[in-house]
Every structure is written in structure tokens, then in C-alpha cells.
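What you see is a predicted model, and the numbers here were worked out from it, not measured in a lab. Whatever order the structure lists them in is the order used to number ligands and atoms, beginning at 1.
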Amino acid sequence: MKFHSDSIEEHNEAPLADDGALDQLIARWTAKSGESGPAKPGLGEPNHAWVVAVGDWEAYEERSAEAQLAELVALVGAQGDAIVGYELCRRAKPDPRTYLGSGTAAAIAERARAAGADMLVIDAELSPSQTRNLEDVTGFSVCDREAVILNVFLRHAKTRTARIQVEIAQLEYLRPRIRGIGLDMDQQAGGLMTARGPGETASELLARRIDGRLAELRRQVARLERAGQRQREGRASCGRVALVGYTNAGKTSLMNALTQAELSARDMPFETLDTTTRSLTRHGGDVIISDTVGFIRRLPQRLLASFETTLAEIREASVVCVVVDLSDPEWDMHLDTTHALLERLGAGALARVYVFNKLDKLAPAERPRPAVLEACAQGHAHWALSAHDEDAVASVRAALIDAARPHHRRARVRLPYAASEAISAVYAHCRLLSSEAIAEGLVVDIDGPAHHVAAIVAAGQVLEG
Ligand SMILES: Nc1nc2c(ncn2[C@@H]2O[C@H](COP(=O)(O)OP(=O)(O)OP(=O)(O)O)[C@@H](O)[C@H]2O)c(=O)[nH]1
Ligand SMILES: [Mg+2]
């Protein structure tokens, strides 16, 4: 592993003589909800990381290798660590035992040690045994790509929903890795722990605790899902826009500009993990817009799965607004990643618009030709702009409202006084243009979402529309 705030030696030294200590051990790895708040790796002393990108790059792919390394360096920074150095390691095929190969790993460790590192970050998904073997060969704590992303998520999760979702992903990640942490614990366990079944080792006990906690968290998620579903159903009559895109593309900045919200938009991957929804229309919400968690290449499947509740917002949108950071040299890859993830989320067929953002960061000569953007937008409406350009943002706002606003219908209807539900629906969902009380009932001129107007009309008699 590492949820890197503790070195492996410290884990081994953790007192194991009683169950309370084990609780503490779990608490240190898990974002326990409650008084203490989530564990925040990296908030203590920062680690000094040596970052290694691994791949089978050809010369022409050099740019991509360097970009991937830069991305990982930004992620390690976002988890609160100092980077003392980095390197690209070329490997055609991963070594099954140590991923890097023990000779290469030892050489990397030497360079890392000379630079004053106390942790290795490897841009790969390592199996639990590969991590363990690498730690043995190098003498360093090893943090793989998934652990880094989980650490960043853990630091940035603010709402209860986001915290629970990250904790599930984190515990699932840790579950198969506790053997590695607990090897020494297991040796000690036999004689020291009393309140356990016969023969149960420390790591088995820890696994049982994690399973219990996971079951509890999944129950909480199921409850939150139901509440979220109800909330979304409550907004069923609204047009809904979801902002999506690669992390750091400028989604939150655009959301702020579109809605005059003041959400946190820092130059940092995964700044947003919590879906925030605002009204896009001036007087109350017939069109609402949601800012969502950013995408990244090779997003761990576990996080995608555990963020299901948050990501449901995207699937149920009327219009998906894809935001792209044009100033990133790899913006086209970011766009491919976004398209692939939208497909995976079941949102590939939704109505879509594109905002090519951060245009102000490019000199005119550096800007992609309109035909290139046209092709990338695949025939959908698109804008190239800066989120700081108020006029450009205003035209995006108008277009989004237009595209997402539910289809409206106007009608003149006579409703019998007994049709109380339909009369309530008039006031709840429609704009009442005129009304007249006559002997046979209430005659109303209404303008509202087509499905509401249809239900009202069915309860009375249409005079017009
Ligand atoms: N120059 C310039 N900077 C921008 C623009 N839009 C966003 N930024 C900056 O880009 C950085 C990331 O912006 P965010 O709005 O947080 O990006 P995001 O897509 O919400 O990122 P995550 O929540 O991390 O996925 C911030 O430092 C913004 O100030 C723009 O149009 N021009
Ligand atoms: Mg954001």
C-alpha cells in the first residue's frame, strides 16, 4: 500500500495487546465520520516522495510519458507531500513479483535515497504482493497510483456522502493488503490478544472489523441513495445541466461564473468531489446546473463504483456540458477520457454541449483551428472561451437554459371544482396567465412543463391549446 501517513515500520509497532488499539489502527486508516472527522493523510508531516512513471513508451510518445508524470506529480502534491525527484522508467512488461524488476527497483531506491526521499510513488496499479515485495527490495514505503488518488479524494471529501463513498473505496483497497501490514502483528497475536476466537490472527481480526465497517457504510450509502433519488425526483420538472470533464478543466470556475456561486476552484486535481447544484435561471429553478467530480485517465474502477451516488446526477441530466482545458497540451486525451467515462456511466447518448475553456491562456497562434474544435464537438454546440469572460459565459448560460428547459405547453382549460389535485398542480407547476371562476368550474390559462399541463388537461376540458 501505503496510505502514506505512516511508514510500514510504524504499523508494525502499533500496540496490539488489546482491541482498543486495533480500533485506533483502523481509525487511522479510515475516514471515520464523527467528532474526529476524516483522517487526513498528509496533513501531518509531509512525506518526501520520489515519483516514478512506468511505461513502454516509444520516442514519439515521450510527450505523453512526461505529461503523465506531471499529472502524477500534481496528484502527489495534492495529497500534501513534497516531491524530491522523479523519473521515467521504461518497462515493456511488468515484473510479476516487483512490477519494476528487483534490479531496477534497487537502482531507483538508491537514487531516491540520495535525494532524501522517504517514500516511493509508482504510477501503476500494484497488486498487494507486488507492493510488499517492492517495499522489501527498496526499503521504502510504496504508494501506488490508486493509493495516491484515494489520498487526494480523502483530503477533499467534505460532505457526508463524499466521505462515505471515499471510505468505502479506501477500505476495499486496504482489505486485501492487511496481510502485508499485519505480518508481524500475526506473529505477536497468538499470546497477546485475549478477546478473540481461538487461532484468530491480528490481520483476521482487522479484516473482520473492516468487513463490519464496510457493511455499515454500504447501508448508509443505500439510505443516501434513496434520499438522493427522492431529491432528484423532486426536481424532475426542472431542466438539468451537468458539468463534466477532466479534473482541473475549470468546471467549478464555469459554474461560479454561470450562477454567481462562490464554490472553491483551486488549481488542484480533484478539488471538487461533492456535487453542488444551483439554479441557472434568475428567478428560481426551472433549469438547474450541477458541478461534479472530475475525471482522470485510469480512474480506479473502485472509485468510479463507489461514487455511483454522486455520478447518478450526470446520467439523469437533460444536457451534459463537457468542459475542456484547452491550455493543457493533452486536452485531446482529456476529451477522449471524458467521452469514455461518459459511456461507462451510461450518459453517452445524452444531449451534449462543449465548452473549450481557458482560451485566455493561449496566444492566438496557439489556439486550435475552429475546424478542429468543430470536429471534437461532434456536431454539438460548442464555445471556446475563458471562464473569466462574462459576455462569453452569458451566451453559454442562455444556450444551456434553452437546451435544458423542459418542453413547455400553453393551454386554456376548464377544471371542475372537484378536481382539486389538478387545481393544486396549476399553482405548483405552471405559470397562471389568467383565471376565471364560472358555474361549471375554474377556467385557467396556463403555461408549464408539457407533462404537467397534460395531466391537468386530462382532469378537465381543453378550451384551447
Ligand atoms: N486562466 C484561466 N484559468 C482558469 C479558467 N477556468 C478555470 N481556471 C483555473 O483553473 C483551475 C482549476 O479550475 P476549477 O474550476 O477548480 O476546475 P475543476 O474542473 O472544477 O477541477 P476539479 O474540481 O479539481 O475537477 C483554477 O485555478 C481556476 O482558477 C480560465 O478560463 N482561464
Ligand atoms: Mg471543481
Q | Test: R177 cationic atom under 6.0 Å from Y173 six-membered ring centre, within 45° of axis | A | yes

Q.
Could you work out, with salt bridge (Lys or Arg N to Asp or Glu O under 4.0 Å) as the rule, every residue matching R219, not counting sequence neighbours?
A. E216

Q. Using 4.0 Å as the upper bound for N to carboxylate O, is an ion pair formed by E374 and R369?
A. no

Q.
Using the side-chain hydrogen bond (donor to acceptor under 3.5 Å, both in side chains) criterion, which residues pair with E330? Sequence neighbours excluded.
A. R297

**Q.** Numbering as shown, the atoms of ligand 1 that approach N248 to under 4.0 Å (heavy-atom distance)
**A.** 11 (C), 12 (C), 17 (O), 18 (P), 19 (O), 21 (O), 22 (P), 24 (O), 25 (O)

**Q.** Nearest option to atom 13 (O) of ligand 1, as decided by whichever heavy atom of S327, S253, S386, A387 sits closest
**A.** S253

Q: Would you mind checking if D123 and R298 are paired as a salt bridge, meaning a charged N to carboxylate O distance below 4.0 Å?
A: yes

Q | Residue and atom name of the nearest protein heavy atom (relative to atom 24 (O) of ligand 1), distance in Å to one decimal | A | E271 N, 2.8 Å

Q: Rounded to the nearest 0.5 Å, what's the gap from CE on M255 to OG1 on T272? Could you check?
A: 9.0 Å

Q.
Can you confirm whether or not the ring centre of H339 sits under 6.0 Å from the ring centre of Y354?
A. yes

(Q) Does the residue P269 have a heavy-atom contact with ligand 1, meaning some pair of atoms that are separated by less than 4.0 Å? (A) yes

Q: Classify the contact between T272 and ligand 1 as side chain, backbone, both or neither, using a heavy-atom distance cut-off of under 4.0 Å.
A: both

Q) What atoms in ligand 1 come closer than 4.0 Å to a heavy atom of G294? A) 25 (O)

Q: Do me a favour and list the nearest non-hydrogen protein atom to atom 32 (N) of ligand 1 with residue, atom name and distance?
A: D360 OD1, 2.8 Å

**Q.** Residues R218 and E172 bridged, charged N to O under 4.0 Å
**A.** yes

Q) Taking the six-membered ring for Trp, are H452 and H429 parallel (under 30°), tilted (30 to 60°) or perpendicular (over 60°)? A) parallel

Q. Can you find an N or O of K361 that's nearer than 3.5 Å to an N or O of ligand 1?
A. no

Q.
Under 3.5 Å between any N/O of L359 and any N/O of ligand 1: does that happen in this structure?
A. no

(Q) Testing V241, V355, L400, D291 one by one against L258 for a side-chain contact (heavy atoms from CB on, under 4.5 Å), which residue passes? (A) L400

Q) Which part of T252 is near ligand 1, with near meaning a heavy atom under 4.0 Å away: side chain, backbone, both or neither? A) both

Q | Protein heavy atom at shortest distance from atom 6 (N) of ligand 1 | A | N357 ND2, 3.1 Å

Q. Are the side chains of R145 and V121 in touch, meaning some heavy atoms are under 4.5 Å apart?
A. no

Q.
For Y99, give me all partners under ring pair (Phe, Tyr, Trp, His ring centres under 6.0 Å), at least two apart in sequence or on another chain.
A. none

Q: Could you please give the number of protein N/O/S atoms within less than 2.8 Å of the Mg ion (ligand 2)?
A: 2

Q.
Is there a polar contact, in the sense of an N or O pair closer than 3.5 Å, between G250 and ligand 1?
A. yes

(Q) Pairs of nitrogen or oxygen atoms closer than 3.5 Å, one from T247 and one from ligand 1: do any exist? (A) yes

Q. In the protein, what heavy atom is nearest to atom 5 (C) of ligand 1, and what distance, to one decimal place, separates them?
A. K358 CG, 3.5 Å

Q: I would like to know whether Q79 and N47 meet side-chain contact (heavy atoms from CB on, under 4.5 Å); could you show each step before the answer?
A: CA-CA 10 Å; Q79 74 170 5; N47 286 291; over 6 Å; no

Q. What are the atoms of ligand 1, with element, lying closer than 4.0 Å to any heavy atom of H388?
A. 2 (C), 3 (N), 4 (C), 5 (C), 30 (C), 32 (N)

Q.
Which of the numbered atoms in ligand 1 are under 4.0 angstrom from any heavy atom belonging to A265?
A. 14 (P), 15 (O), 16 (O), 26 (C)

Q: For Q378, look at atom CD and say whether over 12 heavy atoms of other residues, nucleotides or ligands are found less than 6.0 Å away.
A: yes

**Q.** Those atoms of ligand 1 less than 4.0 Å from some heavy atom in F270
**A.** 24 (O)

